[in-house]
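From a predicted model like this one, the values you see are computed outputs, not experimental measurements. Order of appearance sets the numbers: ligands from 1, and atoms from 1 within every ligand.
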Amino acid sequence: MTVVARPEELLALAVDVAGEAGRVALESQDGIDVLDTKSSPTDVVTEMDRRCEEMIRERLLQERPGDSVLGEESGTDSGTNSVRWIVDPIDGTVNYLYGREDWAVSVAAEVAGDVVAGAVVVPRHGDIYTAARGAGAACNGQPLRAAQPVRLDRALVATGFGYSAARRAQQAEVLRAVLPQVRDIRRGGAAAVDLCSVARGRADAYYERGLNHWDWAAAALIAREAGVRVEGLHHAPPDSELLLAAPPVLFEELHDLLA
Ligand code: IPD
């Protein structure tokens, strides 16, 4: 059976479940501790990563039985519908652990392989970023537009680093080449928030290697709908090799430097 829904309906549900999880995570941030580690000793999980994902999964499948859910903490629940939800219960877990502000709940709805709706809730900023495919992006209901394009030497570029030491060493090498060429670099600690910052004009570009789909599924749609180009290397869709987000012209300059 295929149960289809309009992107706006999926978006409403994404906002609802991400908002609920964001409220629960916010209430528990104070005093939170490490529960487990994943790919490396620095790749941590808190009780709230797990609890929020369970909560989101349960709500989504209650409202839309038969959908599939891919989540950072517990993998895939496969359903028979064409809708798949892609969930990061807490993007920016290390920030969350340290009582910092840049962390987000990210929920995207994909239909037949295309993300059509996405919500990124940043509880400590009071921001709810939303987008439905073809209908634009918004923050707290206000339409979002990316910043006016700038050249590479005037660009504020956000980036991030993976959890493996070998990958970090490579990322440091790339950064050595990028830093002298741009206005400055920001490392916020949450990919979804970084992408939304580009959508909002608070950074000119963002790039990272080694991201997982749940880190960017919702926020990439938000950025695209705000006029940002989001791709991987050589016109490929973003993947674990590279996600690069920037307005045209800056995109090409940064792409060529990174490639
Ligand atoms: C991480 C954050 C971070 C990025 C890492 C991601 P997590 O996600 O988005 O900014 O640099 O690559 O893994 O682990 O906090 O969900």
Side-chain angles (χ1 to χ4, degrees), residues 18 21-22 25-26 28-29 32-54 56-57 69-75 85-108 118-125 127 129 156-172 174-175 178 185-199 202-203 205-223 230 232 238-245 258:
L26 182 60
S28 306
Q29 189 180 6
I32 197 76
D33 209 345
V34 175
L35 179 69
D36 208 348
T37 58
K38 297 188 284 187
S39 61
S40 83
T42 50
D43 186 2
V44 295
V45 187
T46 71
E47 183 196 337
M48 292 315 293
D49 291 84
R50 296 225 174 121
R51 196 169 344 137
C52 287
E53 182 164 320
E54 269 165 36
I56 292 171
R57 235 172 237 274
V69 183
L70 165 69
E72 174 171 16
E73 306 308 332
S74 40
W85 297 89
I86 304 170
V87 176
D88 192 342
I90 299 182
D91 179 48
T93 301
V94 174
N95 284 345
Y96 182 73
L97 179 68
Y98 278 78
R100 297 174 68 94
E101 294 190 355
D102 277 17
W103 54 272
V105 182
S106 170
V107 178
V120 173
V121 172
V122 192
R124 294 281 300 272
H125 297 174
D127 286 336
Y129 294 91
L156 183 63
V157 179
T159 189
F161 310 115
Y163 291 113
S164 101
R167 164 142 302 146
R168 284 186 175 182
Q170 285 177 342
Q171 286 171 322
V174 172
L175 193 58
V178 174
I185 289 286
R186 292 290 179 271
R187 196 300 192 238
V193 181
D194 285 331
L195 273 164
C196 289
S197 305
V198 180
R202 289 183 168 177
Y206 165 71
Y207 76 89
E208 186 165 341
R209 183 173 198 180
L211 288 173
N212 291 297
H213 202 179
W214 46 76
D215 296 315
W216 56 267
L221 179 69
I222 292 163
V230 185
D239 59 12
S240 57
E241 281 294 298
L242 182 72
L243 180 146
L244 170 59
L258 295 167

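In terms of polar-atom proximity, defined here as any N/O pair under 3.5 Å, Ala190 does make such a contact with ligand 1.
Side-chain contact between Arg50 and Asp36: present, with at least one pair of heavy atoms (C-beta onward) separated by less than 4.5 Å. Residues Pro238 and Trp216 meet the side-chain proximity criterion, which asks for heavy atoms closer than 4.5 Å. Met48 places a side-chain heavy atom less than 4.5 Å from the side chain of Ile32. By the 4.5 Å heavy-atom criterion applied to side chains, Val87 and Val69 are counted as neighbours.
Side-chain contact annotation: Asp239 with His213, donor-acceptor N/O pair under 3.5 Å absent. With hydrogens and angles left out, the side-chain atoms of Ser106 and Asp91 include no donor and acceptor closer than 3.5 Å. Side-chain polar atoms of Gln29 and Trp103 form a donor-acceptor pair below 3.5 angstrom. Judged by distance alone, the side chains of Asp49 and Thr46 do bring a donor and an acceptor atom under 3.5 Å apart.
Interface atoms of ligand 1 facing Arg187, defined by a heavy-atom separation under 4.0 Å, are 3 (C), 4 (C), 10 (O), 11 (O). Contact atoms of ligand 1 toward Leu211: 12 (O) (distance under 4.0 Å to a heavy atom of the residue). Of all atoms in ligand 1, numbered sequentially from 1 with element shown, those under 4.0 Å from a heavy atom of Phe161 are 5 (C), 11 (O), 12 (O). Of all the atoms in ligand 1, the ones that sit under 4.0 Å from a non-hydrogen atom of Asp88 are 16 (O). Short contacts between ligand 1 and Gly160, defined as distances under 4.0 Å to a heavy atom of the residue, involve ligand atoms 11 (O). Within ligand 1, counting atoms from 1 as listed, the ones closer than 4.0 Å to a heavy atom of Thr93 are 15 (O). Interface of Ile90 with ligand 1, defined as ligand atoms under 4.0 Å from a residue heavy atom, comprises 16 (O). The ligand atoms of ligand 1 that sit less than 4.0 angstrom from a heavy atom of Gly189 are 2 (C), 3 (C), 10 (O).
A donor-acceptor pair under 3.5 Å is formed between the side chain of Asn95 and the backbone N or O of Asp102. Using modelled atom types, one side-chain atom of Thr159 and one backbone atom of Tyr207 make a donor-acceptor pair closer than 3.5 Å.
Protein heavy atom in closest approach to atom 15 (O) of ligand 1: Gly92 N, 2.7 Å. Atom 8 (O) of ligand 1 has as its closest protein heavy atom Asp91 OD1, 3.0 Å. Atom 13 (O) of ligand 1 has Tyr163 CE1, 3.5 Å as its closest protein atom, hydrogens excluded (heavy atom only). The protein non-hydrogen atom at the shortest distance from atom 12 (O) of ligand 1 is Glu208 OE2, 2.4 Å. What sits closest to atom 16 (O) of ligand 1 on the protein, heavy atoms only, is Glu72 OE1, 3.1 Å.
Here Ala191 has heavy atoms under 4.0 Å from ligand 1 in both its backbone and its side chain. Heavy atoms of Arg209 found under 4.0 angstrom from ligand 1: none, in either backbone or side chain. Here Asp215 has side-chain heavy atoms under 4.0 Å from ligand 1, and that is the only part of it that gets that close.
In terms of heavy atoms, Ala218 sits closest to Ala108 at N-CB, 3.6 Å.
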